[in-house]
2 protein chains.
Amino acid sequence: MNINPKKISNPQLKEQEFSINHQKLIDATIETIAKRGLADTTIAQVAKKAMVSQGYANFRFKSKENLLLSSLKFLSDEYKNSWQKIFEDNNLDPVGRIIKIIENDFSSKIASRNKIAVWVSFYSEVKFRPSYLTICQKQDEIYSSQMEKLIKELNFLTDQTFLTPREISETYLSMVDGLWQRILFDPKIYSHVFCKGLIKKYFKNIYTDEKRFV
Amino acid sequence: MNINPKKISNPQLKEQEFSINHQKLIDATIETIAKRGLADTTIAQVAKKAMVSQGYANFRFKSKENLLLSSLKFLSDEYKNSWQKIFEDNNLDPVGRIIKIIENDFSSKIASRNKIAVWVSFYSEVKFRPSYLTICQKQDEIYSSQMEKLIKELNFLTDQTFLTPREISETYLSMVDGLWQRILFDPKIYSHVFCKGLIKKYFKNIYTDEKRFV
DNA sequence: TTTTGTATTGAATAATCATTCAATATGGGT
DNA sequence: ACCCATATTGAATGATTATTCAATACAAAA
């Protein structure tokens, strides 16, 4: 009797199955990092959660480090795709665009506790800082400069001149980082609704006449 | 010939020496966490930096975990002492107090990269969350509520009614967390001067008539 | 001088894990 | 039915590291 049958390889499903196992491992990694922390994430646990053998996980991703970084890359791409769509959407005016950006930054897809836990883990683990920069710096810079450009338009439209676009965008970005961190600690208080409301209120206070910042 | 002579115990210096070794180990722990990260901080490295033997470090602090948490406790107390003085200083009016608070949060004593690295490491390492809460939650709550009270006075004095004290203090606290994180990545851009300026500008925008928010 | 108690060392132990790799399973081609 | 290529397993290996503890050094007391 075969207790642990090897997985059946099916050429027709080969590509898909590659993806499935690949993605299953990445999802399992994200879950494990969120539950145990980056330091205590072991290949054995990830493999178990993904329901493949430990040897296989290592074989597929070459090394633990590569598995971890692949998970970061996945989140980074997912995030980038979501805000890029908003910046490229020609149907939006500046205010509508900013509101979409805020809503995206605290959407359940982007700002889930599991995913935030991964971001924060990589931020804070010195060992991964160079890799983090390689994977995310470019996109962080683009996001940051797009925000600033967007706020420049908004300032122009509203005759707001006291705060510079740079100041407003830096404030926004810091707040997002800070709130994400707080979501991890106390998701009850720092609900997505609360965070979005806080940030919209910040903008409402700057652009007083704009009704859409609730 | 005695290559590694044992440390001489001197009863007159006993108390002091206790403190010295204790503090040397805590300082070494902070440095090591900042340089290597919480996960890769080994007792051997800390002991080496503190110039005591590995066995001694373990003996003194009972366990690695206790050494790490003692370092967090040290920072937590240091931080609390510094803001407590400001809240208790009767010579300050609300605006002066807030300015002192901002300056303290980005002083070189409190917001050094090494110390921020330790805070952020403990924030983000799930394993330490319960211990973090035990050590810091109380003080975090007091800090938060003192801030809110302070801003309530300020709103009252200035007839500012659009933003609630809660909103302003939550925004302030999130920004501080976010900026601290950014100081770790890019201390050139996120200098103490830049961070303080950004936050003062935030307040200046709310309390327009107050000249002291530079 | 000898004894005693405390401070400190450093080597041994044991646990945890990433990584490797030989063995096995499977399905398609022949 | 047999062979081959590929997918997958799981046990063995080796490295790292917290923790323990017997041995040592020293100062003060006797």
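Labels below follow one simple rule: chain letters A, B, ... track the order of the sequence lines, proteins then strands, and each chain is numbered from 1. FYI, side chains are in, hydrogens and waters are out, and symmetry mates aren't considered; it's all heavy atoms of this structure.
Rounded to a whole Å, the CG atom of A:Leu67 is 15 Å from the P atom of C:dC17. Rounded to whole Å, atom P of C:dT20 lies 14 Å from atom NZ of A:Lys64. Nucleotide C:dA18 holds its P atom 7 Å from the CD atom of A:Gln54, rounded to whole Å. Between the OH atom of B:Tyr56 and the C1' atom of D:dA25 there is a distance of 14 Å, given to the nearest Å. Put simply, CZ on A:Arg60 is 18 Å from C1' on D:dG10, counting in whole angstrom units. The interatomic distance linking A:Glu65 (CD) with C:dT19 (C1') rounds to 14 Å, in whole Å. The distance from atom NZ of A:Lys62 to atom C1' of C:dT20 is 14 Å, rounded to the nearest whole Å. In this structure, A:Asn66 atom CG and C:dT20 atom C1' are separated by 17 Å, rounded to whole Å.
Under the salt bridge (Lys or Arg N to Asp or Glu O under 4.0 Å) criterion, the residue pairs touching residues 67-86 of chain A are A:Lys73-A:Asp77, A:Glu78-A:Lys115, with sequence neighbours excluded.
Side chains of A:Ile168 and A:Tyr202 form a contact here, defined as non-hydrogen atoms less than 4.5 Å apart.
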For a side-chain hydrogen bond (donor to acceptor under 3.5 Å, both in side chains) check, start with the C-alpha distance between A:Gln23 and A:Asp27, then their side-chain angles and the critical distance, and finish with the verdict. CA-CA 6 Å; A:Gln23 193 58 39; A:Asp27 292 344; 3.0 Å; yes
Trace of the side-chain contact (heavy atoms from CB on, under 4.5 Å) decision for B:Phe87 with B:Met147: CA-CA 9 Å; B:Phe87 282 120; B:Met147 272 305 287; 4.3 Å; yes
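Classified by interplanar angle (parallel below 30°, tilted 30° to 60°, perpendicular above 60°), the ring pair B:Phe106/B:Trp180 is perpendicular.
Under the 4.0 Å criterion applied to side-chain N and carboxylate O atoms, A:Arg166 and A:Glu170 are assigned as salt-bridge partners.
Side chain to side chain, B:Asp140 and B:Tyr132 meet the donor-acceptor criterion of an N or O pair below 3.5 Å.
Along DNA chain C, the nucleotide closest to A:Asn58 and the one closest to B:Gly55 are compared, and the more 5′ of them pairs with B:Gly55.
Listed nucleotides C:dT8, D:dA18, C:dA18 differ in distance to B:Phe59; the shortest reach to its side chain belongs to C:dT8.
For the segment residues 35-49 of chain A, the set of residues with a heavy atom within less than 4.0 Å of an atom of DNA chain C comprises A:Thr41, A:Thr42, A:Ile43, in numerical order.
For B:Asn21, no side-chain nitrogen or oxygen approaches OP1 or OP2 of C:dA7 to under 4.0 Å.
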